[in-house]
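I have placed the structure first, in the form of C-alpha cells, so that the comments after it can refer back to it.
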There are 4 protein chains.
Amino acid sequence: MKKNISSQEKDQKIQHITECAEKIFYEKGFEDTSMDYIAMKADVAKGTLYLYFTSKKDLYYAVVLRGLKKLEAMIVQHTQKFKTGFEKTYEMARMYIEFFYSHREYYEFIVEYESHRAKDAEVNPFVRACYKESGKLFEILCAYITQGKEDKSIKESILPQKDSLVFWIQTVGLLQQLYLKEKLYKNMTDITSSEIIERHIEMIASFLKNDSTGQEG
Amino acid sequence: MKKNISSQEKDQKIQHITECAEKIFYEKGFEDTSMDYIAMKADVAKGTLYLYFTSKKDLYYAVVLRGLKKLEAMIVQHTQKFKTGFEKTYEMARMYIEFFYSHREYYEFIVEYESHRAKDAEVNPFVRACYKESGKLFEILCAYITQGKEDKSIKESILPQKDSLVFWIQTVGLLQQLYLKEKLYKNMTDITSSEIIERHIEMIASFLKNDSTGQEG
Amino acid sequence: MKKNISSQEKDQKIQHITECAEKIFYEKGFEDTSMDYIAMKADVAKGTLYLYFTSKKDLYYAVVLRGLKKLEAMIVQHTQKFKTGFEKTYEMARMYIEFFYSHREYYEFIVEYESHRAKDAEVNPFVRACYKESGKLFEILCAYITQGKEDKSIKESILPQKDSLVFWIQTVGLLQQLYLKEKLYKNMTDITSSEIIERHIEMIASFLKNDSTGQEG
Amino acid sequence: MKKNISSQEKDQKIQHITECAEKIFYEKGFEDTSMDYIAMKADVAKGTLYLYFTSKKDLYYAVVLRGLKKLEAMIVQHTQKFKTGFEKTYEMARMYIEFFYSHREYYEFIVEYESHRAKDAEVNPFVRACYKESGKLFEILCAYITQGKEDKSIKESILPQKDSLVFWIQTVGLLQQLYLKEKLYKNMTDITSSEIIERHIEMIASFLKNDSTGQEG
DNA sequence: TATGAATGAGTCTTCATTCAT
DNA sequence: AATGAATGAAGACTCATTCAT
C-alpha cells in the first residue's frame, strides 16, 4: 500500500501554488517575478515548484490557462439566460468586460502572455491549451451572431465570421488599452473607463441591432 | 572657449546612440537587450551610455519617445492635405494604421513600453515626455472631430471628446491585438489583418459620417 | 517469525538495484547519473535506494566491486586450463584484456572510480572491498610468475614481486589510456588499439619467456 | 587615449586566474570545484572570471593547456643536450617522468581532462589546442626513435611509429596508474613508485637498445 | 520495509551599474 | 568626455538526502 499522495491532495497543492503564483505574476509581471519569491510566498521549497511545473514558463502558462477557463465558465453560464442572438452577443460582451473588472489579475496574463507567443506555442502544452481556450470563446461569439441573424435580432448585413472577429479584437484591444494606459488616458480627458466601455458597447450594439424587426411582416 | 564639446556634438552622440538602441530593442525587446550589446553596436564604451542616459530604462524610453514623435510628424504632415473634419479624422486613422505597417519597430515600443508603465511614470522625464506626446496626438484627433461637426461632415450627435477617445482607444487596441496575436487570430479564422482593419475603419466612418449633409438646412 | 523478509530476498533486491545502477553509471558516468533516474529504472522508490546504500557513492562503489569480482572469476576460471607459469601469466594478461573488450562497462568504473580515490578509501567499506579485490588479482599474477620461474618457463632473472607489479601497472595503464584517449591516439597515427595491445603483450612475453629452457644446463 | 589596460596587464590577470584555478582544480577536480570558490581564491569577483573565460570548462581547459605546454618546454629543452636517438628517447622518457614528480598538479589535468573528451573536442579552442599539444609531444618521440635507428643506437627491428606509440601509451598509462592508485599499490607490496618506474624504463631501454653496435662494421 | 513528496544548499551564468584612469 | 575592467546581486534550475506515513 503505497503512500501515493492522493491525486486530490496533489491537485490541491498544484492549485495552491498556481494561486500564489497568480497573485505574484499579476503584481510584478513575468520577468520581475522570481521562482524564489513564488516559493517563499507559497510557503514551499523552490524544488517543490519544479516538482509540479517543469519551468517558470510552464507555471506561468498554467496560470494563464486558469484565467481563460474561469472566463469561459463565466461567459457560458451567464449568456444561457438569454434568448435572442443579439442578447446573447450583447451579454457576452458585457460579461467579458465584467470579467475585466472583477478579475483584473487574469486580464493581466491574457494581455501579457502574448508577448511570449510564437516560440513556445508549438512546444508547451499549457500554451497550446491557452490557444485552444481562446478559440472556444471566439467560436461562441460567432455562433451567437449567426443565431442573431437567424432570429432576426441582428441585421442581415452583418458578416458573422468577419464581424465577430472585428468586435472581438476591438473589445479585447480596448480593454487592454484601458488596462495598460489607464494613467495615460486619465491625463488626456476626464472621461472614465466605464464611460468609454459603455460607448464602445453602444457602437457595437447599434451596428448589430436589427431595428426593422417585424416591420415587413 | 576650449574643448566645450558643442551642444550640437552632444546631440549627435545622443541621436547616434538612440538610433542604435532602437534597432536592437526592436529586434530583441527590452529584457533581451543588454547594455553591452548596445554599446558594442553603437561603437562606444558602456560607460558612455551612462553618460547620456541614467539607466537602461531611460534609454529605452528615449527610444519610445522618438517613435512617438515620428508618428506625430507623419500624421500632422499628411492630414493637412485634407479639408473637412471627417476627411482629416479618417485620414488620421489611416495614417496611424499606415504607420503600424511601415514602422512596426516603433509600434513594438509603443506596445511594449506600456508594461513598464505606472512605476516609472512619475519619475522618468522621458516617460513623462512620452505621455505628453501621446496627449498631443489625441488632441489633434479631437480637434478634427470638432471641426467635422462644424463643417457638417460629421454627425451632430457625435461627442468629440468622448468619441474621439473611444475611437482612439479602439484603434490603438485593435492594432496592438493584431500585432500581438497575429498567430492566435490566424488559427481562429482565415480573415486577414487588412480585412479586419478595413472593417474597423468602415465601422468608425459609418458612425461618424454625416449623410444628411446640408439637406434639412 | 513473521514478515522477516528473508536475507535472500534482501540480497535479491540489492542485486537488482546494483544491476540497474551499473547500466546507468556506465552509460552516463557518476556525475551525470541521478538517484532519481536509478530509482526509476530499478522500479523502486528513491527512499529504497537509501535503505540499501548509504549514499550515491556507496552504490557506485558497490557496482565497481561487482565488476572486479566478475573480472577475478573470469581470470581464475580461464587460467586454470593452462600448465606452465608462463602460460598462466600470459593468459591472465590476455584475459584481462579480453575483459576490457567484452565488458567495457566494468572497465569504465574501474577507471573512473579512481578519481574519487583517497578520500573515501578509509571510510567506505565498499571501497575497501574494491582494494582488497584488486589485491587478490595481483597476488594471482604474482603467484603465476613465481611458478613460472620454478617450472623454468620464465627467466631466472625476473623478480616476481616487482616485475609482476610493473606488468600489472603497465597493462592496466595501457588499457586505461586506450579507453580514455582513443580519439586522441586516432589523431596521432593510424595504428589500431588491437595492434598496440598485441605489441605490448609481445614485449612483456619476450621479457618474461625463458628461451634457453634447460638447453645449456 | 583609451584606458585599454595594456595587453600585458590583461595577460597577467589571465595568468593569475589560471594559476589559482589550477591549484583548486588540482585539489578538488573539475566537478567539485565551483566558480565561486575560484573567484574567492583568486580574489576577484565571479563576473571577472567570465570576463576572461567564457565558461567553467573553458577555464579548465586553459589550465590543462598550460600544463601541456610546460611539459613540452621541459622536454624539448632537456633532450637537445643529447646526441644519439637512443639517448634522446631515453631522456625524453625520463623527463616526462620527472615532470610527473615535479608537477603533479598538471598531471592531474592531463589525466582527468580526458573524461570530458569527445563532446568538447570539436568546439572548444582550448581543447583543440590541448590535442595539438599532445600530438607535438608524440611526434618528437617518434622522430627521436627514427633518428636512433639511423644512428644505430636503436635496434633495426624497432618500428618507430608503432613502438613509439606503444611506449608512449605504456608510460603515460603507468604514470597515471601510479598517480591514481598510489594507495592501492602501496597496499599490495612495499615496492616504491620510483622502483616501478625505473624497472619500466629498463624494460623499454632493453627493448630499444642496439647492443650489437658497430660489431658488424 | 517501502515510499515519494519535500527540501534547500549549491550550481553556473548574466548584466546593469560603477569608478579609477 | 570617455573608457572598459570590475563588480556582485540575482536568476533559473538540479538533485542527494530526509522523513512522515
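Quick note: numbers below take in every heavy atom, side chains included, and nothing from hydrogens, waters or symmetry partners. Reminder, nothing fancy here: chain letters follow the sequence lines and each chain counts from 1.
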- request: Return the 5'-most residue of the pair T48(B), T54(A) with respect to DNA chain F, ranking by each residue's nearest nucleotide.
  value: T48(B)
query: Going by the angle between their ring planes, with limits at 30° and 60°, are Y60(D) and F30(D) parallel, tilted or perpendicular?
result: perpendicular
- prompt: Applying the side-chain hydrogen bond (donor to acceptor under 3.5 Å, both in side chains) test to E19(C), which of K23(C), H16(C), Q15(C) qualifies?
  reply: Q15(C)
field: Overall bend - the helix from dA2(E)-dT21(F) to dT21(E)-dA2(F), comparing terminal axes fitted on five pairs, nearest 10 degrees
entry: 20°
- request: Could you work out which one of dA16(F), dT17(E), dA2(F) sits closest to the side chain of K13(B)?
  value: dA2(F)
query: What pair of heavy atoms forms the shortest contact from C130(C) to L68(C), and how long is it?
result: O-CD1, 3.6 Å
message: Closest approach to the side chain of Y50(B), judged atom by atom: which nucleotide of dT13(E), dT18(E), dA5(E) is it?
response: dT18(E)
task: Return the value, rounded to whole Å, for the distance between atom CG of L49(A) and atom P of dG8(E).
output: 13 Å
- prompt: Taking DNA chain E as the partner, which of residues 36-44 of chain D come within under 4.0 angstrom of it by heavy atom?
  reply: none
message: As a test of reading the structure: which of dA6(E), dT3(E), dA12(F) is closest to the side chain of S34(A), going by heavy atoms?
response: dA12(F)
query: Salt bridge check: are K69(A) and E133(A) linked by an N-O gap of less than 4.0 Å?
result: no
- request: Write down the distance between CE (M35(C)) and C1' (dT7(E)), rounded to a whole number of angstrom.
  value: 16 Å
